[in-house]
2 protein chains.
Amino acid sequence: MINLRRIDLNLLSLLITVHDTGSVSAAGQALGLSQPATSNALGRLRLALNDKLFVRGPGGMEPTALTARIVPEIRLHLEGLSDALTLPTVFDPNTSQRVFRTALSGLGEQIFLAPLAERVFSLAPGVRLSNVSSPFDDLNRTLTQRHADVALGLLPQQGRHLRQTHLFNEDYRVIAPPSLTQEQVATLDLKRSRLILVVPSATFADDIEQVVAEHGLADNIYLRMRHFGVLPELLSTIDTLAIVPGQFARRLAAANQATLLDIVLPRGRQKVLMVWHVNSDADPACIWLREVICDLFQDPELRG
Amino acid sequence: MINLRRIDLNLLSLLITVHDTGSVSAAGQALGLSQPATSNALGRLRLALNDKLFVRGPGGMEPTALTARIVPEIRLHLEGLSDALTLPTVFDPNTSQRVFRTALSGLGEQIFLAPLAERVFSLAPGVRLSNVSSPFDDLNRTLTQRHADVALGLLPQQGRHLRQTHLFNEDYRVIAPPSLTQEQVATLDLKRSRLILVVPSATFADDIEQVVAEHGLADNIYLRMRHFGVLPELLSTIDTLAIVPGQFARRLAAANQATLLDIVLPRGRQKVLMVWHVNSDADPACIWLREVICDLFQDPELRG
DNA sequence: GCAGGTTTATCATGAATCTGAATATTCTTT
DNA sequence: AAAGAATATTCAGATTCATGATAAACCTGC
């Protein structure tokens, strides 16, 4: 694994403690060691790192530049180890204070975040969510470096240590202004209507355009948009229909911001996935989160 | 510090190695230990964690549920420790592959990201940037948990372990379409012009509105916007002036997308800060980054 | 600058762990 | 059911680290 074989990891605990107490004796006491043992141990670490590490000064043992630099990093990871060993064996939604981090694109936020937050907060009142979006980063690194617990969306590339679940194939729905009733929309003729096409990402674009073309609707598209934000406003002010990803359509309909047309355009070929890193495979908290997500979003046909 | 005192940290290395090799003997060999010593050490860890940790199976030593859960976490932090000890003492921009993470608001991206990326990439070709924006998170946690190296912007709250540098007080500038020359704009009368006011965040709003009122320009504001994205387009299509934060005005002018008016509205009271966590205080890479940022953005009057 | 007191480093002895080899045990595989 | 292979256990000798006492170094106050 690493060259840590050469260094007694317990010495790093000592380093932190000496740093915090500013005293070798006090550090020894805190660690349950005698003073000579502590001094000796510090000596060993000094030898291993080839640095004085601490020099005596008016304020006690003062860290050298090297020590000051590595102590925060080391403390972080020692606490991480401690957490790893004391973490509860099971995840209890009722009491957990855990922060889950999701990696959602802009579209993902629109589709997933609100229902997910609602469900999570109702099941686990102490849990917090944080969506991270790292424009320059690729998903692989985001997950590998633990900046996110799961990623949701159209995720073509998959690294070697990533696992995935197929949530659904994104379909497309036609929506009408909420002022129209279900009966009224049933009489609408798509080919004679003005259409707004909302295609959130470049990844989607080819797919939906082809679907539209197959239905002979290409000439009816009067407005193409990349974002959903203003769509509800548009729908209620100007009188048009819109073709949008199915998940989003259903959310709008549920909020009475749109009326769904019965016509279902074919399912896209875009697989919407949940992706996570092998690292979090056995984490009870992550398992719980993934179950919540599957329960919320996964197409029943795809479950196994 | 922690209850790690009770556990020999070196045993955790063993845990990982046994997990990876699936064999006690092989793990021992990898760690430079004899087979009995390895077995004994594993026995001690079993006692300490009160779990069998591994059971013999067809594929060698197979991890128990507990082991599977904690191994990824432990591996992460052991590698972190290893990194902390082997990290270069100095930061070399020419060769570094480091990823810097910034915490910028939407406004921050507009103002800071482009010039920062340009400068960083030119000085350090191998370095990568990643802007993180965590809607649910507060800045404090973002910095404390190392999800960002620095935060830039209007940052009122400051936790106990955060340090900050005052970069500048945001001022406001009036800009005109780029089609107008410097001579032409000199003759413009603000009070007779239509004005667009771009106020990026709620934090800014009161401040700039007051400045505008003090100049008797309140009635000239024909459009208020929250985002900068479409401003260049607006400026060149409809014939108006705009009041925008100074940093943004200068960037537009530099890109020939606007002409600056000489009039400088008073400095705002909003301090734009760079904030970072004590943890990264001594990290040479972060020191370098902060210097770059100060060099780029800090008001010369505020340096010391 | 020197004495006093505190803290750190050094030195022998003793406890714990590792090595090496040999053996018992347990599980997989044929 | 038996062979095969790996893990667990045992023992003496060697190494390493901790202990308790001592020596050296350092900060503080005069």
Side-chain angles (χ1 to χ4, degrees), chain A residues 1-68 71 78, chain B residues 1 3-68 71 81 85:
Chain A
M1 128 159 225
I2 18 186
N3 63 352
L4 282 185
R5 199 165 75 233
R6 329 188 79 183
I7 287 190
D8 182 347
L9 288 178
N10 300 306
L11 297 180
L12 299 181
S13 264
L14 180 82
L15 180 77
I16 301 297
T17 313
V18 171
H19 176 94
D20 291 351
T21 59
S23 152
V24 171
S25 314
Q29 196 166 4
L31 294 172
L33 289 178
S34 66
Q35 180 272 325
T38 315
S39 177
N40 242 325
L42 182 56
R44 266 174 277 145
L45 192 59
R46 279 169 166 157
L47 199 65
L49 298 183
N50 197 29
D51 187 282
K52 288 195 303 250
L53 298 181
F54 297 96
V55 292
R56 284 176 81 165
M61 297 297 269
E62 288 166 355
T64 63
L66 174 70
T67 306
V71 155
L78 286 183
Chain B
M1 152 151 206
N3 62 353
L4 283 185
R5 197 163 77 232
R6 329 186 80 184
I7 287 189
D8 183 347
L9 287 179
N10 299 308
L11 296 180
L12 298 181
S13 261
L14 179 79
L15 179 77
I16 300 297
T17 313
V18 171
H19 175 94
D20 291 352
T21 58
S23 152
V24 171
S25 313
Q29 195 166 5
L31 294 172
L33 290 178
S34 66
Q35 183 269 328
T38 314
S39 178
N40 235 326
L42 182 55
R44 265 175 278 148
L45 191 60
R46 280 168 166 159
L47 200 64
L49 298 183
N50 196 29
D51 188 281
K52 287 194 303 240
L53 298 180
F54 297 95
V55 293
R56 287 177 77 165
M61 295 298 268
E62 288 167 356
T64 63
L66 174 71
T67 306
V71 155
L81 287 176
L85 295 175

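Here is how names work: the chains are called A, B, and so on, in the same order as the sequence lines, proteins then strands, and each is numbered from 1. Model, not experiment: these values are computed from the prediction.
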Enquirer: Does any N or O in the side chain of B/Arg56 come within less than 3.5 Å of the main-chain N or O of B/Met61, such that one atom is a donor and the other an acceptor?
Expert: no
Enquirer: Between atom CG in A/Leu47 and atom P in D/dT16, what is the gap in whole Å?
Expert: 13 Å
Enquirer: For A/Gln35 and D/dC17, give me the distance from atom CD to atom C1', rounded to whole Å.
Expert: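 Value for this atom pair: 15 Å.
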Enquirer: Below the 4.0 Å mark, does D/dT16 have OP1 or OP2 next to a side-chain nitrogen or oxygen of A/Arg44?
Expert: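 Answer no for this pair, as no side-chain N or O of A/Arg44 is under 4.0 Å from OP1 or OP2.
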Enquirer: Measure from the side chain of A/Met61, starting at C-beta and using heavy atoms only, and say which of C/dT8, D/dA8, C/dA21 lies closest.
Expert: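 That would be C/dT8.
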Enquirer: For A/Pro58, report the nucleic acid contact type (base, sugar-phosphate, nothing); a contact means any heavy atom under 4.0 Å.
Expert: sugar-phosphate
Enquirer: Side chain of B/Thr17, backbone of B/Ala27: donor and acceptor closer than 3.5 Å?
Expert: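 Pair absent, no side-chain N/O of B/Thr17 close to backbone of B/Ala27.
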Enquirer: Can you measure B/Glu62 atom CD to C/dC27 atom P for me and round it to whole angstrom units?
Expert: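 From B/Glu62 CD to C/dC27 P: 13 Å.
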Enquirer: Which atom names give the shortest non-hydrogen contact between B/Thr38 and B/Val24, and what distance separates them?
Expert: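 In terms of heavy atoms, the two residues are closest at CG2-O, 3.4 Å.
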Enquirer: Using OP1 and OP2 only, check whether a side-chain N or O of B/Arg56 sits under 4.0 Å from C/dT25.
Expert: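 Checking B/Arg56 against C/dT25: no side-chain N or O falls below 4.0 Å of OP1 or OP2.
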Enquirer: Starting at CG of B/Leu45 and ending at P of D/dA8, how long is that distance when rounded to a whole Å?
Expert: 12 Å
Enquirer: Please report the closest heavy-atom contact between A/Arg44 and A/Asp8, naming both atoms and the distance.
Expert: NH1-OD2, 4.4 Å
Enquirer: Can you tell me how far P of D/dA18 sits from CG of A/Leu42, to the nearest Å?
Expert: 12 Å
Enquirer: Give A/Ser39 one of three labels, base, sugar-phosphate or nothing, depending on what nucleic acid heavy atoms sit under 4.0 Å from its own.
Expert: base
Enquirer: Applying side chain to side chain contact (heavy atoms under 4.5 Å, CB included), run through A/Asn10 and A/Leu31 and close with a yes or a no.
Expert: CA-CA 10 Å; A/Asn10 300 306; A/Leu31 294 172; over 6 Å; no
Enquirer: At under 4.0 Å between heavy atoms, what does A/Thr38 touch on the DNA or RNA strands: base, sugar-phosphate, or nothing?
Expert: nothing
Enquirer: Nearest-Å distance, CG (B/Asn40) to P (D/dT10)?
Expert: 10 Å
Enquirer: Roughly how many Å is it from NZ in A/Lys52 to P in C/dT8, rounded to a whole number?
Expert: 16 Å
Enquirer: Using whole Å, what does the distance between atom P of nucleotide C/dT8 and atom CG of A/Leu33 come to?
Expert: 14 Å
